[in-house]
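Structure first, then comments.
The figures here come from the full heavy-atom set of this structure, side chains too, leaving out hydrogens, waters and symmetry mates. All chains are named by letter (A, B, ...) in the order of the sequence lines, taking the proteins before the strands, and each is independently numbered beginning at 1.
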Number of protein chains: 2
Amino acid sequence: MDNGIRPRGSTMRHKLGTGKDMDGVSTSPQRSLIAPDNPEPLWVQAAELIERQVREGVLPAGRRLPAERDLCTQLGISRVTLRRALQHLVERGVMRSSHGRGWYVAARSDREWPNSLESFTETARRKGLVPTSRVLRAEVKHASLDEADEFGVAAGADVFLLERVRMLDGVPIAVDSSRVVANLVPGLASVDFSRASLLDELVAAGAEPVVAESTIEARGCAPEHAEPLQLEPGDPVLTMSQTMTDATDRVVLVSTITYRGDRYRLRTSFVRGS
Amino acid sequence: MDNGIRPRGSTMRHKLGTGKDMDGVSTSPQRSLIAPDNPEPLWVQAAELIERQVREGVLPAGRRLPAERDLCTQLGISRVTLRRALQHLVERGVMRSSHGRGWYVAARSDREWPNSLESFTETARRKGLVPTSRVLRAEVKHASLDEADEFGVAAGADVFLLERVRMLDGVPIAVDSSRVVANLVPGLASVDFSRASLLDELVAAGAEPVVAESTIEARGCAPEHAEPLQLEPGDPVLTMSQTMTDATDRVVLVSTITYRGDRYRLRTSFVRGS
DNA sequence: AAGTGGTCTAGACCACCCC
DNA sequence: GGGTGGTCTAGACCACTTA
């Protein structure tokens, strides 16, 4: 093998399968893991290929993978790269390793738990419910002193405020109140947020959140949330406040979601240690 | 450099510093990163060394690290190993990289956020408060059908039940109700849990939890929790239910913590993506 | 153009598991 | 002892940033 990175479109550097290799990871005929024009890193492609086969049931829970060194030749990648992919799948709860024994597909229950807090949309998808929104407010206003501090902008700067009732199958579940610095995403005021995702707009505008700092607490329902949530003031609600930052450390989104206590439950799983 | 792993106690393979190297990571005189008898992986040692210097202020927030290739020679490790350490520190919120520019110490605020849900003990430490416990119940009982299912044991098997009021500076904050399969940790009934940590006992018994699946919700306070929490029934409480599993997939701990809504707030930060 | 992080490789040794 | 994952290395090319 040549050293360094091969020209991504010239060399086919592994034999590989006709749909199924042994009991291991299978690849489609005529097409290897490596899509010559795929800009994604190899380890991402490898991870996606394996995860897809797990999701589709080609690799059932508990199945042992071929040995790393075998997988390497099958996929045509180095062991370091393969292990990076597998490590990624461990973090996603898809695979588990056992020193001296091998790699195993994780139990289905492990895969159903998000490794960070499950978002409203993810919950809906997992449960097969249809998420919808009713917009209460969508307007540009001037930043208060507190908001200016949070976003790191001048007080009085334009801030877009979006307040929505989030529903599952038409049943009101939560009130989402989000704020974005207006000049980060031009044209926000003209978007129909009963359908659109605020997060998608941020990503499209090049302000993708990468870190979310969250606090979660239980409170009594505030009077202004009682009507949209069909609750009495004082009834238990779960509030999650998040501050999201992009890769350049800009605060791009500040949101507070207020869930009906009896209609929503946050889920997460995490690895303990260090 | 020789190939493979050098004998960990024979070769000193890097020059290195007299307390401070340029503006970069400093190492103590007479002692390099590599403790010959340290069984920890090199990348863990490297990560700990850097994080220590960040915590102690030797590397202030925003400071740029020396280039990877320079750090490698300073620390006497390969670039792959160094990058593994740095990647680990990214996940812990200690460092950030900028393609083409360099590595930077993350803002202090980022480091104060736990990457998984902050535990009661961690909260106490962060705030400088003293965590204490009052034991309500500590007894061995027979597993109910539900408990048997959760733990994967036979109904009627011995289960240790521990119920405590958790306090900060003497103020009641939460009621913690935990269950452990009794034969996993012999002698549990004789431990004084007003001081001891149940988690520590599990670790000592070789049943260290590695994964915790958690659900979080807001409820009205149950009658039996009203007195220990000094609340009225129906007042908002935050409940977190956790199922912890060890490396061999055994369920080792099932717990429910009920926090006073007005006295506790969960904190977490996580990386979005994929 | 030089410097820096991001990706990738081939090959080595170590530690654990099981026969 | 053979197989398997875990760690580590030296060196290469690519992509972004800065001057």
Whole-Å gap separating [atom2] ([N]) and [atom1] ([X]):
X	N	atom1	atom2	result
A:Gln87	D:dC8	CD	P	13 Å
A:Leu82	C:dA10	CG	P	13 Å
B:Trp43	D:dT9	CH2	P	14 Å
B:Leu86	C:dG6	CG	P	9 Å
B:Tyr104	C:dG3	OH	C1'	12 Å
B:Leu42	D:dG6	CG	P	17 Å

Parallel, tilted or perpendicular, as decided by the 30° and 60° cut-offs, for the rings of A:Phe193 and A:Phe160: tilted
Would the distance check show the side chain of [X] and the main-chain N or O of [Y] forming a donor-acceptor pair, the cut-off being under 3.5 Å?
X	Y	value
B:Gln53	B:Ile50	no
A:Gln45	A:Glu40	yes
A:Ser98	A:Arg101	no

Short heteroatom pairs, N/O only, protein and nucleotides 3-5 of chain D, under 3.5 Å:
{"residue": "D:dG3", "atom": "N2", "partner": "A:Gly100", "partner atom": "O", "Å": "3.1"}
{"residue": "D:dG5", "atom": "OP2", "partner": "A:Glu68", "partner atom": "N", "Å": "2.9"}
{"residue": "D:dG5", "atom": "N7", "partner": "A:Arg69", "partner atom": "NH1", "Å": "3.0"}
{"residue": "D:dG5", "atom": "O6", "partner": "A:Arg69", "partner atom": "NH2", "Å": "3.2"}
{"residue": "D:dG5", "atom": "N2", "partner": "A:His99", "partner atom": "NE2", "Å": "3.1"}
{"residue": "D:dG5", "atom": "N3", "partner": "A:His99", "partner atom": "NE2", "Å": "3.2"}

Checking A:Asn183 now: which residues fulfil side-chain contact (heavy atoms from CB on, under 4.5 Å) with it, not counting sequence neighbours? A:Val181
Sequence neighbours left out, what passes side-chain contact (heavy atoms from CB on, under 4.5 Å) with A:Ala155? Give chain and number order. A:Leu145, A:Ala148
Earlier contact from the 5' end, DNA chain D, for B:Arg84 and B:Val80: B:Arg84
